[in-house]
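Worksheet: one structure, shown below.
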Amino acid sequence: MKKCYTYDDVQIVPGYSDIEHREQCNTITRVTKNVHLEIPLVSSPMDTVTGFHMAVEMDKLGGMGFLHRFKSPEDTAYDIEMFRHQRPMGTIGASIGVTGDYVNIAQMYVDNGAQIILLDVAHGHHKLVKEAMRRLKNEVKGTFDILVGNIATEEAARDLCEWGADGLRIGIGGGSLCSTRIQTGVGIPMVSSILSCVVAADDYDVPCMADGGVRMPADVCKGIVAGADTVMLGSLLSGTKESPGEITKTGQWPNEILQKKYRGSASLESKQDRGETKNVEGYSTSVPYKGKAKRIIGDIMDGLRSSMSYVGAGNILEYQTKSEFMSVTPNGLSEAKPHLLTNRQLSMS
């Protein structure tokens, strides 16, 4: 059996650097064949992560947001139109499924200004995805790219590229609220999954996006070193000011705790809101209110640029070619954490 690795299993080896300051590091990248971003970060199409306000904020920060597909298509189309009024040169994507009236929905989104249509399915290596890609390419008028996911293997990446994908979304079962792996036993650890998919995607010049398993800035760095052009953020952006949902209070004044809801798209709560009850593979919870997304994105980008400077990389391509992984033991993972913090403090940070 092949041994596979996730973010905690590897560290990036430092190298000679002539970078004098991390701000010299250029983070421009591609999210699909024809769409470039200033930073390699995108927000997840979850109904507690990306709505109109998150899409606007991510665009302001140089990344982009993917509107979720769990509200009426008309409302989503209106959000895209309003986004275009505020950010006429901005980048925005919208998610659709592969059943129902998805072709007309995609046409409405493209007409209103969406540059990327995300085929948002749990298992992207599927005949319904192949048929949806064929129909979108042939029937939807206008200029747009198709981002497809989720996948986890080289074979899947090669097939989706052959079917016409403009971008790949990699990761099955690694999301913070996803229970796919513990319920089905299906999934591949993120670093190995990215490495496998990139082998095929590079042959077609198709950008790859890492989705899942990101708990800290270092995981973003490792995902990009593994070959991802962008990294999708879900849990890290949950509970921020710009994420959809109301702020709730628990406890009594003056010790109230502010929280916002965060739930997986396949959680029972999310499915029940859509009138579904079957194939539950996720959870819902409440997370502490984090304030503005700008702070989270700033911390991640500081970490990424510092990491690039440690290996002497002035841009993303150099970062990927100059960097080297080494596997670490459990003791090495323990050593990597601040030693003076207790386990409880680490879990709260």
Side-chain angles (χ1 to χ4, degrees), residues 7 39-71 76 79 83 92-93 95 120 171 174-179 190 209-220 223 230-274 280-304 341 343-349:
Y7 293 133
I39 65 172
L41 302 177
V42 301
S43 60
S44 174
M46 302 169 72
D47 64 2
T48 51
V49 175
T50 307
F52 172 79
H53 296 291
M54 183 65 77
V56 169
E57 185 65 14
M58 289 299 294
D59 185 66
K60 287 180 179 178
L61 296 172
M64 73 173 294
F66 284 91
L67 298 173
H68 66 83
R69 61 185 177 92
F70 304 116
K71 59 193 296 187
T76 299
D79 285 344
F83 177 93
I92 189 169
S95 307
D120 178 30
S176 60
L177 294 181
C178 181
S179 61
M190 282 302 298
M209 175 189 295
D211 174 28
V214 173
R215 296 169 297 163
M216 58 192 74
D219 297 332
V220 171
T230 55
V231 176
M232 180 167 275
L233 306 177
S235 62
L236 291 186
L237 293 177
S238 66
T240 55
K241 177 182 178 181
E242 295 82 3
S243 64
E246 299 297 321
I247 298 173
T248 59
K249 296 180 181 180
T250 59
Q252 294 183 345
W253 186 90
N255 300 312
E256 299 155 307
I257 298 174
L258 302 182
Q259 296 179 316
K260 291 187 83 170
K261 187 171 291 185
Y262 176 50
R263 63 189 190 184
S265 297
S267 66
L268 179 60
E269 181 180 341
S270 182
K271 281 181 171 286
Q272 285 177 333
D273 282 354
R274 307 193 297 268
V280 174
E281 293 182 13
Y283 298 99
S284 59
T285 187
S286 293
V287 296
Y289 177 64
K290 301 173 185 174
K292 293 183 178 180
K294 181 179 181 180
R295 179 181 65 86
I296 307 294
I297 298 299
D299 287 347
I300 295 172
M301 291 308 300
D302 283 348
L304 174 60
L341 296 182
N343 289 332
R344 182 174 182 273
Q345 287 173 313
L346 281 172
S347 67
M348 294 172 62
S349 63

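Counting only heavy atoms from C-beta outward, the side chains of Val231 and Val214 approach each other to under 4.5 Å. Counting heavy atoms from C-beta outward, Glu256 and Thr250 have side chains that stay 4.5 Å or more apart. In this structure, Val49 and Tyr262 have side chains that are in contact, with non-hydrogen atoms separated by less than 4.5 Å. No side-chain heavy atom of Thr240 sits under 4.5 Å from any side-chain heavy atom of Lys292. Within the 4.5 Å cutoff, the side chain of Ser43 has no heavy atoms near those of the Leu233 side chain. Contact annotation: the side chain of Leu237 approaches that of Ile296 to within less than 4.5 Å [non-hydrogen atoms, C-beta and beyond]. Counting heavy atoms from C-beta outward, Ile297 and Asp299 have side chains that stay 4.5 Å or more apart. For the pair Tyr7/Met216, no side-chain contact is recorded, criterion being any heavy-atom separation below 4.5 Å from C-beta on.
The NZ atom of Lys249 sits 12.5 Å away from atom CD1 of Ile257, with the distance rounded to the nearest 0.5 Å. Taken to the nearest 0.5 Å, the CE atom of Met46 stands 10.5 Å off from the NE2 atom of His68. With rounding to the nearest 0.5 angstrom, the CE atom of Met54 is 13.5 Å from the CE atom of Met64. We find the CD1-CZ distance between Ile300 and Arg295 to be 10.5 Å, quoted to the nearest 0.5 Å. To the nearest 0.5 Å, atoms CG (Leu41) and CE (Met301) are separated by 5.5 Å. Distance check: Asp79 CG to Thr50 OG1 gives 11.5 Å after rounding to the nearest 0.5 Å.
For Ser95, the side-chain contact (heavy atoms from CB on, under 4.5 Å) partners at least two apart in sequence or on another chain are Pro45, Phe66, Arg69, Leu118, Asp120. Here Thr230 pairs with nothing under the side chain to side chain donor-acceptor pair (under 3.5 Å) rule; sequence neighbours left out.
For Lys260 and Ser243, the side-chain atoms include at least one donor-acceptor pair closer than 3.5 Å.
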Quick one: do Ile92 and Leu67 satisfy side-chain contact (heavy atoms from CB on, under 4.5 Å)? Show the steps, please. CA-CA 8 Å; Ile92 189 169; Leu67 298 173; 3.8 Å; yes
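Judged by distance alone, the side chain of Lys290 and the main-chain N or O of Leu236 form a donor-acceptor pair under 3.5 Å. When atom types are taken as modelled, the side chain of Asp59 and the backbone of Ala55 share no donor-acceptor pair closer than 3.5 angstrom. Under the 3.5 Å distance criterion, the side-chain polar atoms of Gln259 are left unmatched by any main-chain donor or acceptor of Ser286.
Taking each heavy atom of Thr48 and Pro244 in turn, the nearest pair found is C-CD, 3.7 Å. Closest of all the heavy-atom pairs between Ala293 and Glu57 is CB-CG, 4.4 Å. Closest heavy-atom contact between Phe52 and Phe83: CE1-N, 3.4 Å. Closest approach of Gly291 to Glu242, counting heavy atoms only: O-OE1, 4.3 Å.
Remark: Lys71 NZ is packed, more than 12 non-hydrogen atoms of other residues, nucleotides or ligands lying under 6.0 Å away.
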